[in-house]
Amino acid sequence: MDGQQTPPPSGSGVNMNINIDKNKTRKVVTAVVIVLVLVFLGINSFYTVKETETAVVTTFGSPTLNTNRGLQFKIPVIQEVTKVDTTVRSLTIGYVDNNDGTTSDRDYESIMITNDMNFIMVDFYVTYQVTDPVAYMYNSDAPAAILKNMVQNAIRSTVSAYPVDSVLTVAKSDIQNNIKDVVKDGLESTNIGLSIVDIQMQDAEPPTQEIKDAFAGVETEKQNKESAINEANKYRNEQLPLAEAEADKIVRAAEATKQARINEATGQVARFLKEYEEYVKYPLITKQRMFYETMEEILPNVKIIINDDESGGKTQVFMNDLSDALGTNGAIADTAARAASSGTGQTSSGEEE
């Protein structure tokens, strides 16, 4: 009996097996939990930032900006990451874009009043961008709505400073620039993390068809005016060179005539002085020669009118024709010479006295 082992009590082996199984189960569960926790921590320890995004990392409620791109690390549980889209966004005033590519009017946004008390419908397309993600997330609950209200107020105050004709025609650029400046100043003062990129006036038209037709007629006449001005400028550009060439031609001809007259006058003066020198030397001979030369030029063109008292007719002949008909070619010259001699003789006798 002393050499024999005492058998265990009934059921003790089963309890031991159960305890061993429970311990194994706890270890397996613990291992699985640890693995899951490690997987969770590993997954939540990394995040990816795209090129069009900026990450805001919050550590115990304190935000910081992460401008790096690609795969980034964070402390799980302690740090939270919010990705902000920094691409250019847009909003519309006066209309809305539908999913099917069409647009729907929003008259309550587009109708405005000008400074000459006229109503007008104006649509705008606004582009903006998130430039400060931290301010965008924490300085306001609805930054996009604040921006839209700010743009609408700037549009109404700016459009109301212009007459309706200017809004419809020439003031588009000025209105856009003024609105952009006002919104820019407003965004800087509110600091909601947004900045304006551009503001464009899409459409500006009167609220009724009759007024639209009237303004269309005005615009047509303005285009006709511009067309007429362009045609006039074209004609001027074509005719001006021709007129300048003609003027230059006239000036050159006048200069040539002037020079010819000067040369002629100079020659006549020289001839007169030469004749005067001869006259001083031989006064009588010079007078006779000048008389003969003058008669040779005048007498051939002298017209004689002969009246016939019986028939009442008149006959016109020239001196040279009469000379040829009478055969007295030298008679007239001799008569003129004698008259000249008689006259000059009296003159000379007078001079002698």
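Because the structure is predicted, anything quoted here is derived from the model rather than measured.
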Any Glu275 side-chain heavy atom under 4.5 Å of Thr286 side chain: no

Side chain to side chain contact (heavy atoms under 4.5 Å, CB included) between Lys184 and Lys180, worked out: CA-CA 6 Å; Lys184 182 179 178 181; Lys180 187 175 180 180; 5.5 Å; no

Worked check of side chain to side chain contact (heavy atoms under 4.5 Å, CB included) between Gln202 and Tyr95: CA-CA 10 Å; Gln202 298 295 96; Tyr95 68 100; 3.9 Å; yes

Sidechain-backbone polar pair: Thr127 side chain, Asp198 backbone, donor-acceptor under 3.5 Å: yes

Donor-acceptor pair between Thr169 and Asp165 side chains, under 3.5 angstrom: no

Same apolar cluster: Leu91 and Val159, side chain cutoff 4.5 Å: yes

Closest heavy-atom pair and its distance - Lys172, Met201: CE-O, 3.1 Å

Check: Thr92/Asp97 side-chain N/O donor and acceptor closer than 3.5 Å: no

Rounded distance (nearest 0.5 Å) linking atom CD1 of Ile155 with atom CD of Glu109: 9.0 Å

From NZ (Lys274) to CZ (Arg271), nearest 0.5 Å: 11.0 Å

From NZ (Lys281) to OH (Tyr276), nearest 0.5 Å: 13.0 Å

Non-hydrogen side-chain atoms of Arg289 and Glu293 separated by less than 4.5 Å: yes

Thr266 side chain vs Ile262 backbone, donor-acceptor pair below 3.5 Å: yes

Student check: side-chain heavy atoms of Val183 and Tyr128 closer than 4.5 Å: no

Polar side-chain atom of Arg156 near backbone of Ile111 as donor-acceptor pair, under 3.5 Å: yes

Side-chain donor or acceptor of Thr86 paired with backbone N/O of Thr52 under 3.5 Å: yes

Hydrophobic cluster membership, Val134 vs Met137, 4.5 Å side-chain cutoff: yes

Asn99, CG: over 12 other non-hydrogen atoms inside 6.0 angstrom: no

More than 12 heavy atoms from other groups under 6.0 Å of CZ on Phe119: no

Minimum heavy-atom distance Ile93-Gln152, with the two atoms named: CD1-CG, 3.8 Å

Criterion side chain to side chain contact (heavy atoms under 4.5 Å, CB included) on Met121 and Asp203, from CA distance to verdict: CA-CA 8 Å; Met121 310 287 286; Asp203 294 317; over 6 Å; no

Non-hydrogen side-chain atoms of Asn178 and Tyr162 separated by less than 4.5 Å: yes

Closest contact, heavy atoms only, Val122 versus Met112: O-CE, 4.2 Å

For Leu187 against Ile196, the heavy-atom pair lying closest together: CD1-N, 3.6 Å

Asp141 atom CG, neighbour heavy-atom count above 12 within 6.0 Å: no

Pairwise side-chain contact, Pro163 with Thr114, heavy-atom cut-off 4.5 Å (strictly under): no

From CG (Asp105) to OG (Ser110), nearest 0.5 Å: 6.5 Å

Under 3.5 Å: donor-acceptor pair, side chain of Lys287, backbone of Tyr282: no

Donor-acceptor pairs under 3.5 Å, side chain of residues 228-244 to any protein atom, not counting sequence neighbours: which ones?
residue, atom, partner, partner atom, Å
Asn230, ND2, Glu226, O, 3.1
Asn233, ND2, Ile229, O, 3.2
Asn237, ND2, Asn233, O, 3.0

Minimum side-chain heavy-atom gap Thr54-Tyr136 below 4.5 Å: no

From Ile250 atom CD1 to Thr257 atom OG1, the distance as rounded to the nearest 0.5 Å: 11.5 Å

Spacing of Lys83 atom NZ and Asp85 atom CG [to the nearest 0.5 Å]: 12.0 Å

Val130 and Leu194, any side-chain heavy atoms less than 4.5 Å apart: yes

Shortest non-hydrogen separation from Ile120 to Ala204 and the atoms involved: CD1-CB, 4.3 Å

Check: Ser189 side chain, Gly186 main-chain N or O, donor-acceptor pair, under 3.5 Å: yes

same_hphob_cluster(Tyr125, Val151) at 4.5 Å side-chain heavy-atom cutoff: no

Distance-minimising heavy-atom pair for Ile192 and Pro143: CD1-O, 3.7 Å

Connected via hydrophobic side-chain network under 4.5 Å: Phe124 and Ile113: no

Under 3.5 Å donor-acceptor, Asp116 side chain and Val164 backbone: yes

Side-chain heavy-atom pair Met150, Asn153 within 4.5 angstrom cut-off: no

